[in-house]
Amino acid sequence: MISIAEEIAVPSPPHRVWEIVSNPSEVVACVNGAELGEAHDDGSFDGTLVVKFGAMKVSFAARVALDLTESDHEGRLSARGKDGQGGTRFTAHATFRVTEGEGPGDSRVTVQGEVQLNGRLAPLVESGAGAMVSRMTREFSAELIQRCAGAEAQAPARRAGLLGRLRAWWARLLTRSQKASVSGDFATEEAGDDPAQAQ
């Protein structure tokens with residue numbers, strides 16, 4: 001059995017973090033190798049996850065159910081599936097919750113759960129589970145923080161860079177145009193003063 005007990009600090013308010021972690025599409029986007037599949041009438045959905053164990057990659061497919069309590073910012077996830085070759089089956093249960101963080105406007109996401117495996121790959125998966133969970137938590141945390149910050153936090157910097165370059169280009173263009181205009185006016189005035197050049 002693999003036990004999961006993780007805590008993630010996110011520099012965004014709980015309501016924003018809850019928007020992300022309660023949305024399966026957003027969560028899947030935060031996990032490398034994960035894809036969302038078909039949604040079913042009972043609210044569950046299919047999902048796949050490719051996990052790397054050393055030099056070997058194992059693909060798992062599962063049917064996932066999600067039960068959310070929005071007022072408490074708490075969710076319960078259950079999944080049942082198997083690896084791509086059908087030699088290993090698993091069931092997983094996890095509870096996650098978003099609470100106020102230590103600082104103003106910060107949040108804390110706690111995740112507790114367990115995964116039970118049976119089959120040919122179970123010893124291999126369980127032996128590498130600690131490193132795998134730590135790696136996936138780091139990757140998930142980084143992506144979650146970025147998504148919670150949202151486009152508002154990144155777009156101004158990108159726009160400022162682009163606008164800065166456009167302003168510099170426009171200023172150079174205007175300077176050249178003004179110099180050319182002044183030079184042309186000056187040449188015209190000189191030609192007007194000299195009757196020979198004017199002809």
Side-chain angles (χ1 to χ4, degrees), residues 1-12 14 16-70 73-98 107-151 154:
M1 183 179 73
I2 301 172
S3 296
I4 301 171
E6 300 291 332
E7 185 173 301
I8 304 169
V10 185
S12 294
R16 174 56 181 158
V17 179
W18 177 251
E19 286 177 354
I20 301 296
V21 300
S22 63
N23 184 333
S25 297
E26 293 280 5
V27 171
V28 165
C30 293
V31 180
N32 286 334
E35 291 186 4
L36 200 59
E38 181 182 357
H40 300 282
D41 294 337
D42 61 359
S44 64
F45 51 89
D46 294 334
T48 59
L49 175 65
V50 178
V51 182
K52 189 175 180 181
F53 297 96
M56 187 172 72
K57 290 183 178 178
V58 181
S59 176
F60 292 96
R63 186 155 176 169
V64 183
L66 193 59
D67 179 24
L68 301 173
T69 304
E70 184 163 357
H73 286 179
E74 183 176 287
R76 289 157 297 281
L77 177 146
S78 61
R80 182 185 300 271
K82 59 185 179 182
D83 74 300
Q85 298 178 345
T88 305
R89 296 180 179 275
F90 73 91
T91 57
H93 299 278
T95 300
F96 58 92
R97 189 170 190 185
V98 181
S107 301
R108 179 186 297 113
V109 181
T110 54
V111 182
Q112 292 188 329
E114 59 182 35
V115 181
Q116 292 184 324
L117 296 129
N118 292 293
R120 185 167 52 88
L121 295 178
L124 171 69
V125 174
E126 289 177 342
S127 66
M132 177 194 69
V133 171
S134 296
R135 185 183 71 247
M136 292 181 70
T137 300
R138 284 197 306 273
E139 295 171 351
F140 178 81
S141 301
E143 189 64 32
L144 174 63
I145 290 170
Q146 187 174 349
R147 285 181 174 271
C148 287
Q154 297 180 20

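Any value given below was found using the heavy atoms of this structure, including those in side chains, with hydrogens, waters and symmetry copies removed. Because the structure is predicted, anything quoted here is derived from the model rather than measured.
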Show the nearest heavy-atom pair for residues [X] and [Y], with the distance to one decimal.
X    : Y    : value
F45  : L36  : CD1-CD1, 3.3 Å
I8   : F140 : CD1-CD2, 3.8 Å
I145 : A9   : CD1-O, 3.8 Å
L68  : G75  : CD2-CA, 4.0 Å

Nearest 0.5 Å please: distance from the [atom1] atom of [X] over to the [atom2] atom of [Y].
X    : Y    : atom1 : atom2 : value
I20  : S107 : CD1   : OG    : 11.5 Å
N23  : L66  : CG    : CG    : 9.5 Å
L117 : T91  : CG    : OG1   : 8.0 Å
E143 : N32  : CD    : CG    : 8.0 Å
T48  : F60  : OG1   : CZ    : 11.5 Å
S141 : E6   : OG    : CD    : 8.0 Å

Legend entry - Counterpart residues, side chain to side chain donor-acceptor pair (under 3.5 Å), relative to E26 (two or more places apart):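 Side chain to side chain donor-acceptor pair (under 3.5 Å) list for E26, sorted by chain: R147.
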
Legend entry - Test side chain to side chain donor-acceptor pair (under 3.5 Å) applied to E74 - qualifying residues, sequence neighbours left out: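 Only R76 meet the side chain to side chain donor-acceptor pair (under 3.5 Å) criterion with E74.
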
Those residues that, when tested against [X], pass side-chain contact (heavy atoms from CB on, under 4.5 Å) (two or more places apart):
X    : value
R138 : S134, R135
S12  : V10, R16, V17, C148
D46  : E38, H40, R63

Inset, instruction - Check step by step if side-chain contact (heavy atoms from CB on, under 4.5 Å) holds for I4 and V115. - result: CA-CA 8 Å; I4 301 171; V115 181; 4.1 Å; yes

Legend entry - Qualifying side chain to side chain donor-acceptor pair (under 3.5 Å) pairs with a residue from residues 109-120, counting only residues at least two apart or across chains: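 Listed once each, the pairs are Q85-R120.
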
Inset, instruction - Dump the intermediate steps for side-chain contact (heavy atoms from CB on, under 4.5 Å) on E7 and V109, then the final yes or no. - result: CA-CA 6 Å; E7 185 173 301; V109 181; over 6 Å; no

Inset, instruction - Please step through side-chain contact (heavy atoms from CB on, under 4.5 Å) for the pair I2 and F90, ending with a clear verdict. - result: CA-CA 11 Å; I2 301 172; F90 73 91; over 6 Å; no

Inset, instruction - Using modelled atom types only, decide if a donor and an acceptor are shared between the side chain of D83 and the backbone of T88 within a distance under 3.5 Å. - result: yes

Inset, instruction - Evaluate the criterion side-chain contact (heavy atoms from CB on, under 4.5 Å) for residue pair V111 and T95; output intermediate values, then yes/no. - result: CA-CA 6 Å; V111 182; T95 300; over 6 Å; no

Inset, instruction - Report, as yes or no, whether the 6.0 Å neighbourhood of atom CD on E139 holds more than 12 heavy atoms from other residues, nucleotides or ligands. - result: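 Result for CD/E139: enclosed.
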
